[in-house]
**Q** 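Pasting in a structure now, in structure tokens, and then I'll have a few things to ask.
It should be emphasised that the depicted structure is a prediction, and the values quoted were computed from it without experimental measurement. As the structure lists them, so they are numbered: ligands from 1, and atoms in each ligand from 1.
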Amino acid sequence: MNAPRLADVLGDADVIHDRAALEAAIDTMADAIHDDYADDERPPLFVTIMHGGMPFAAQLAFALGERGLDVEFDYLHATRYRGNISGSGLAWLHRPATPMTGRRVLLVDDILDEGHTLKAVGRWCEDQGAAEVRVAVLAVKVHDRCVDGVCANYVGVEVPDRYVFGYGMDFHEQGRNLPAIYALAE
Ligand SMILES: O=P(O)(O)OC[C@H]1O[C@H](OP(=O)(O)OP(=O)(O)O)[C@H](O)[C@@H]1O
Ligand code: HPA
């Protein structure tokens, strides 16, 4: 079966946060992250969660660099939506190669929705010996279905309890490079 087409839903979708709002939110996050890590001897291990986290992570990394905070890059790919608009079991497609023992790890992702992804990934980092795991997400979805105890240390914006896409997030693997966050029409 062919996947639904972005072009067929984009016209009826709502812009929830435009590019300027997201850039401002990322700058605010960068201020807070800079302040929390600036005195460390070693840069944090900045782990981008692919694919959705990529555009946000790139922009956040530049904002941190601009503020004088160096970060060490790695990435992982864990997916539980796999191009669909509802989640299932988490599949690991790539794990970070950098040793985490004793490191402060900053996980960077596009969205905290039900929290299953960040719970599993955070636990894995702790099992690898990370001294601390913090989470930066561009968006948090507002509902009461989030896994207990999962939260982000740094949050850009809130989004409503609707399927959202753009700014890294996909609609059936389309639309990740839209420079705004949209919500599907209900
Ligand atoms: O809080 P949760 O309900 O677990 O959902 C959040 C996760 O879902 C999305 O990833 P997805 O599985 O779509 O993979 P992708 O980034 O490759 O699209 C998103 O990038 C988060 O990692
Ligand atoms: O609403 C969403 N949109 C895109 N990806 C997601 N992953 C979890 N929730 C979402």
Side-chain angles (χ1 to χ4, degrees), residues 3-19 21-22 25-26 29 45-61 73-96 105-126 130 133-186:
R5 294 187 329 149
L6 178 66
D8 293 335
V9 299
L10 193 54
D12 291 329
D14 300 306
V15 175
I16 304 295
H17 298 286
D18 67 15
R19 185 178 196 163
L22 293 169
I26 293 170
M29 296 173 83
L45 186 58
F46 183 98
V47 178
T48 302
I49 302 184
M50 299 293 281
H51 294 309
M54 182 172 55
F56 163 55
Q59 212 170 328
L60 179 63
F73 277 6
D74 206 332
Y75 73 99
L76 63 85
H77 194 182
T79 175
R80 71 182 206 93
Y81 288 78
R82 285 172 249 177
N84 292 309
I85 64 172
S86 61
S88 54
L90 188 72
W92 280 86
L93 304 184
H94 176 86
R95 294 182 197 260
V105 172
L106 182 62
L107 296 171
V108 183
D109 205 355
D110 50 359
I111 187 165
L112 170 57
D113 189 333
E114 295 179 356
H116 298 286
T117 304
L118 283 170
K119 181 175 183 179
V121 168
R123 211 171 252 177
W124 184 84
C125 296
E126 284 164 4
V133 180
R134 290 191 181 209
V135 173
V137 289
L138 178 62
V140 168
K141 197 178 281 189
V142 178
H143 55 56
D144 60 8
R145 299 187 304 281
C146 192
V147 177
D148 271 354
V150 175
C151 61
N153 304 85
Y154 310 99
V155 174
V157 295
E158 291 186 342
V159 294
D161 191 11
R162 293 163 61 182
Y163 193 79
V164 294
F165 59 93
Y167 232 92
M169 294 172 276
D170 70 302
F171 173 74
H172 296 276
E173 295 301 338
Q174 303 156 81
R176 290 190 195 270
N177 60 331
L178 289 168
I181 296 180
Y182 294 78
L184 268 190
E186 290 184 312

**Q** Can you report which non-hydrogen protein atom sits closest to atom 21 (C) of ligand 1, along with the distance?
**A**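 For this ligand atom, the closest protein heavy atom is Asp109 OD2, 3.2 Å.
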**Q** For ligand 1, which atoms sit closer than 4.0 Å to a heavy atom of Met50?
**A** 16 (O), 17 (O)
**Q** So which heavy atom in the protein is nearest atom 6 (C) of ligand 2, and how far is it from that ligand atom?
**A**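 Ranked first by proximity to atom 6 (C) of ligand 2 is Ile111 CG2, 3.9 Å.
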**Q** Search all heavy atoms of Val142 against all heavy atoms of Asp161 and return the closest pair with its distance.
**A** O-CB, 3.5 Å
**Q** Which option out of Glu173, Arg80, His51 puts a heavy atom nearest to atom 12 (O) of ligand 1?
**A**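 Among Glu173, Arg80, His51, the closest heavy atom to atom 12 (O) of ligand 1 belongs to Arg80.
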**Q** At their closest point, which heavy atom of Cys146 faces which heavy atom of Leu112, and how far apart are they?
**A** SG-CD1, 4.3 Å
**Q** Would you mind checking which non-hydrogen protein atom is closest to atom 3 (N) of ligand 2, with the distance to 0.1 Å?
**A** Val164 O, 2.5 Å
**Q** Check Thr117 against ligand 1 and report side chain, backbone, both or neither, counting heavy atoms closer than 4.0 Å.
**A** both
**Q** Looking only at protein heavy atoms, identify the closest one to atom 9 (N) of ligand 2 and say how far it is in Å.
**A**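 Nearest protein contact, heavy atoms only, for atom 9 (N) of ligand 2 is Asp113 OD2, 2.7 Å.
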**Q** Quick check on contacts: which atoms of ligand 1 are under 4.0 angstrom from a heavy atom of Thr79?
**A** 11 (P), 12 (O), 14 (O)
**Q** Can you tell me the protein heavy atom closest to atom 7 (N) of ligand 2 and the distance?
**A**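 Among all protein heavy atoms, the one nearest atom 7 (N) of ligand 2 is Tyr81 CE1, 3.6 Å.
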**Q** Does a sphere of radius 6.0 Å around CG in Asp8 hold more than 12 heavy atoms from other residues, nucleotides or ligands, not counting ones at 6.0 Å or beyond?
**A**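 Enclosed.
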**Q** Hey, is His77 one of the residues with a heavy atom under 4.0 angstrom from ligand 1?
**A**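 It does, in that a heavy atom of His77 comes within the 4.0 Å cut-off of ligand 1.
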**Q** Just which atoms of ligand 1 are under 4.0 Å from any heavy atom in Asp113?
**A** 1 (O), 2 (P), 3 (O), 5 (O)
**Q** Any side-chain heavy-atom pair from Leu60 and Phe46 closer than 4.5 angstrom?
**A** yes
**Q** Under 4.0 Å from any heavy atom of Asp170, which atoms of ligand 1 are there?
**A** 18 (O)
**Q** Please state which part of Met54 comes within less than 4.0 Å of ligand 1, counting heavy atoms only: side chain, backbone, both or neither.
**A** neither
**Q** Restricting to salt bridge (Lys or Arg N to Asp or Glu O under 4.0 Å), what partner residues turn up for Asp18, sequence neighbours left out?
**A** none
**Q** May I have the list of side-chain donor-acceptor pairs in residues 113-125 shorter than 3.5 Å, sequence neighbours left out?
**A**
unit_1	atom_1	unit_2	atom_2	d
Asp113	OD1	His143	NE2	2.8
Asp113	OD2	Lys141	NZ	2.9
Glu114	OE1	Arg80	NH2	3.0

**Q** List ligand 1 atoms under 4.0 Å from Glu114, heavy atoms only on the residue side.
**A**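 In order of number, 1 (O), 2 (P), 3 (O).
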**Q** Enter the distance from Leu93:CG to Met50:CE here, rounded to the nearest 0.5 Å.
**A**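 Answer rounded to 0.5 Å: 10.5 Å.
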**Q** Can you report which non-hydrogen protein atom sits closest to atom 5 (N) of ligand 2, along with the distance?
**A** Tyr163 OH, 3.5 Å
**Q** Mind checking whether Gly115 has an N or O less than 3.5 Å away from an N or O of ligand 1?
**A** yes
**Q** For Glu158, does the CD atom have more than 12 heavy-atom neighbours from other residues, nucleotides or ligands under 6.0 Å away?
**A**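 No - once you tally the heavy atoms of other residues, nucleotides and ligands closer than 6.0 Å, there are 12 at most.
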**Q** Under 3.5 Å, side chain of Asp74 to main-chain N/O of Val47, donor-acceptor pair present?
**A** no
**Q** Quick test: of every protein heavy atom, which one is nearest to atom 6 (C) of ligand 1, and how far off is it to 0.1 Å?
**A** Ile111 O, 3.4 Å
**Q** Report yes or no: does Arg176 have a heavy atom closer than 4.0 Å to ligand 1?
**A** yes
**Q** Does the plane of the ring in His94 sit parallel, tilted or perpendicular to the ring in Tyr75? Use 30° and 60° as the thresholds.
**A**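 Parallel.
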**Q** Using a 4.0 Å heavy-atom threshold (strictly under), name the region of Glu114 that reaches ligand 2: side chain, backbone, both or neither.
**A**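 Contact part for Glu114 vs ligand 2: neither.
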**Q** Is Ile111 close to Phe56 at the side-chain level, that is, under 4.5 Å between some pair of heavy atoms?
**A** no
**Q** Over all heavy atoms of both residues, which pair between Ala139 and Val159 is shortest? Give the atoms and the distance, please.
**A**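 Scanning both residues, the minimum pair turns out to be CB-CG1, 4.0 Å.
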**Q** Starting from atom 19 (C) of ligand 1, what is the nearest protein heavy atom, named by residue and atom, and what distance separates them?
**A** Asp110 OD1, 3.1 Å
**Q** Could you say whether the N/O atoms of Tyr81 and ligand 1 ever approach to under 3.5 Å?
**A**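 Yes: some nitrogen or oxygen of Tyr81 is under 3.5 Å from one in ligand 1.
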**Q** Please list the nearest protein heavy atom to atom 1 (O) of ligand 2 with its residue and the distance rounded to 0.1 Å.
**A** Lys141 NZ, 2.7 Å
**Q** With a heavy-atom distance limit of 4.0 Å, tell me whether Leu118 approaches ligand 1 through its side chain, its backbone, both, or neither.
**A** neither
**Q** Is Arg95 atom CZ crowded by more than 12 heavy atoms from other residues, nucleotides or ligands, each under 6.0 Å away?
**A**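 Yes - once you tally the heavy atoms of other residues, nucleotides and ligands closer than 6.0 Å, there are more than 12.
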**Q** How far is atom 16 (O) of ligand 1 from its nearest protein heavy atom, and which residue and atom name does that atom have?
**A**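 Atom 16 (O) of ligand 1 sits closest to the protein heavy atom Gly52 N, 3.0 Å.
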**Q** Below 4.0 angstrom, N of the basic side chain to O of the carboxylate: do Arg176 and Asp110 qualify?
**A**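 No, no charged N to carboxylate O under 4.0 Å.
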